[in-house]
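Numbers here are sequence positions counted from 1.
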Amino acid sequence: QVQLVESGGGLVQVWGSLRLSCAASGDIRTINVMGWYRQTPTKQRELVAQVRSNNITKYADSVRGRYTISRDNAKPLVYLQMNSLKPEDTAVYYCQCITWGLSTYWGQGTQVTVSS
């Protein structure tokens with residue numbers, strides 16, 4: 001079992017920046033992939049960014065060049081640096097991890113609101 005807790009969300013103006021953090025606890029030795037998804041009341045949950053243990057990353061086209069995902073394997077922590085924010089970035093952002101055994105765990109979500 002892995003527990004994930006997100007932090008860093010809030011209200012920010014357009015073109016502003018936020019840094020989200022996700023702290024993992026529990027059986028952290030099993031974690032392979034870590035990433036971020038986002039969801040709105042009218043849109044399905046979608047992949048934002050993902051980083052594997054070998055540091056290979058994946059980004060949604062809508063955020064590539066503006067967001068940067070990174071991880072600290074020692075703790076472990078995963079970060080999402082969000083720059084040049086747009087109103088369409090407004091969503092609940094969820095931390096996710098995938099274990100070596102291909103189990104998936106989710107955090108509780110953190111709200112990001114970008115004002116126009």
Side-chain angles (χ1 to χ4, degrees):
Q1 294 289 312
V2 177
Q3 294 79 46
L4 302 171
V5 179
E6 304 97 332
S7 62
L11 177 64
V12 63
Q13 292 185 342
V14 64
W15 294 109
S17 297
L18 285 175
R19 192 189 194 198
L20 305 184
S21 299
C22 175
S25 61
D27 198 5
I28 59 176
R29 64 190 175 184
T30 67
I31 297 174
N32 178 16
V33 181
M34 300 192 74
W36 293 91
Y37 283 69
R38 66 186 180 187
Q39 186 174 8
T40 72
T42 58
K43 295 181 180 179
Q44 298 185 49
R45 191 172 300 187
E46 64 176 354
L47 175 67
V48 176
Q50 197 170 65
V51 57
R52 299 174 60 87
S53 296
N54 59 7
N55 287 316
I56 293 177
T57 58
K58 180 189 298 182
Y59 294 95
D61 289 341
S62 59
V63 308
R64 188 177 293 108
R66 299 187 297 119
Y67 291 13
T68 303
I69 188 170
S70 60
R71 64 189 293 174
D72 181 345
N73 291 324
K75 297 200 175 182
L77 290 169
V78 62
Y79 304 97
L80 187 68
Q81 180 65 47
M82 309 164 66
N83 297 327
S84 302
L85 285 164
K86 307 174 181 179
E88 53 262 43
D89 293 319
T90 296
V92 178
Y93 284 71
Y94 295 90
C95 183
Q96 180 217 53
C97 77
I98 303 173
T99 67
W100 291 103
L102 300 183
S103 296
T104 300
Y105 297 91
W106 297 93
Q108 80 288 348
T110 185
Q111 176 70 231
V112 172
T113 303
V114 184
S115 62
S116 61

* Residues in salt bridge (charged side-chain N to carboxylate O under 4.0 Å, His left out) with Asp27, at least two apart? -> Arg29

* Asked: Sequence neighbours excluded, which residues qualify as disulfide (SG to SG under 2.5 Å) partners of Cys22?
  -> Cys95

* **Pairwise disulfide bond (SG atoms under 2.5 Å apart) hits with a residue in residues 25-85, at least two apart** => none

* Mind listing the closest non-hydrogen atom pair of Asn83 and Ser17 along with its distance? => OD1-OG, 2.9 Å

* Please check if atom CD in Gln13 has more than 12 non-hydrogen atoms from other residues, nucleotides or ligands closer than 6.0 Å. => no

* Side-chain contact test, heavy atoms from C-beta onward, threshold under 4.5 Å: evaluate it for Gln50 versus Thr57 and give yes or no. => no

* Structure fact -> So CD of Gln96 and CD of Glu6: to nearest 0.5 Å the spacing works out to 11.0 Å

* Just grab all the ring-ring contact (aromatic ring centres under 6.0 Å, His included) pairs involving residues 50-92, residues at least two apart or on different chains. => none

* Of all the heavy-atom pairs spanning Lys43 and Gln39, show the shortest one and how long it is. => O-CG, 3.5 Å

* Asked: Any ring-ring contact (aromatic ring centres under 6.0 Å, His included) pairs touching residues 2-23, not counting sequence neighbours?
  -> none

* Asked: Passes side chain to side chain contact (heavy atoms under 4.5 Å, CB included), Leu20 versus Val112? Steps please.
  -> CA-CA 9 Å; Leu20 305 184; Val112 172; 4.0 Å; yes

* Asked: Is there a side-chain contact between Val14 and Leu85 (heavy atoms, below 4.5 Å)?
  -> no

* Asked: Between Ala49 and Leu80, what is the shortest heavy-atom contact and its length?
  -> CB-CD1, 4.0 Å

* Decide yes or no on side chain to side chain contact (heavy atoms under 4.5 Å, CB included) for Tyr105 and Gln1, but give the supporting numbers first. => CA-CA 8 Å; Tyr105 297 91; Gln1 294 289 312; 3.8 Å; yes

* **Inter-residue atom distance Ser84.OG - Arg66.CZ, 0.5 Å rounding** => 7.0 Å

* Which residues pass the side-chain contact (heavy atoms from CB on, under 4.5 Å) test with Asn32, sequence neighbours left out? -> Arg52, Ser53, Trp100

* Which heavy atom in Asn55 sits nearest to a heavy atom in Val51, and how many Å separate them? -> CA-CG2, 3.8 Å

* Structure fact -> Rounded to the nearest 0.5 Å, the OG1 atom of Thr40 sits from the CZ atom of Arg38 at a distance of 9.0 Å

* Using links of under 4.5 Å between side-chain heavy atoms of ILVMFWY residues, direct or through other members, which residues join Leu11 in one cluster? -> none

* Only pairs at least two apart or in different chains count here, so list each disulfide bond (SG atoms under 2.5 Å apart) that has a residue in residues 23-94. => none

* Under 3.5 Å, is there a donor-acceptor pair between the side chain of Thr90 and the main chain of Val114? -> yes

* Rounded distance (nearest 0.5 Å) linking atom OG1 of Thr113 with atom CG of Asp89 -> 11.0 Å

* **Electrostatic pair Asp61-Arg64, nearest N-O below 4.0 angstrom** => yes

* disulfide bond (SG atoms under 2.5 Å apart) pairs, two or more places apart, involving residues 32-74 -> none

* For Val33, the rest of its hydrophobic cluster, which grows through side-chain links under 4.5 angstrom -> Ile98, Leu102

* Asked: side-chain contact (heavy atoms from CB on, under 4.5 Å) with Ala24: which residues, sequence neighbours excluded?
  -> Val2, Leu4, Ile28, Ile31, Met34, Pro76

* Under 4.5 Å between side-chain heavy atoms, chaining through other members, with only Ile, Leu, Val, Met, Phe, Trp and Tyr counted: pull out the rest of the cluster around Tyr94, sorted by chain and number. => Tyr37, Leu47, Val92, Trp106

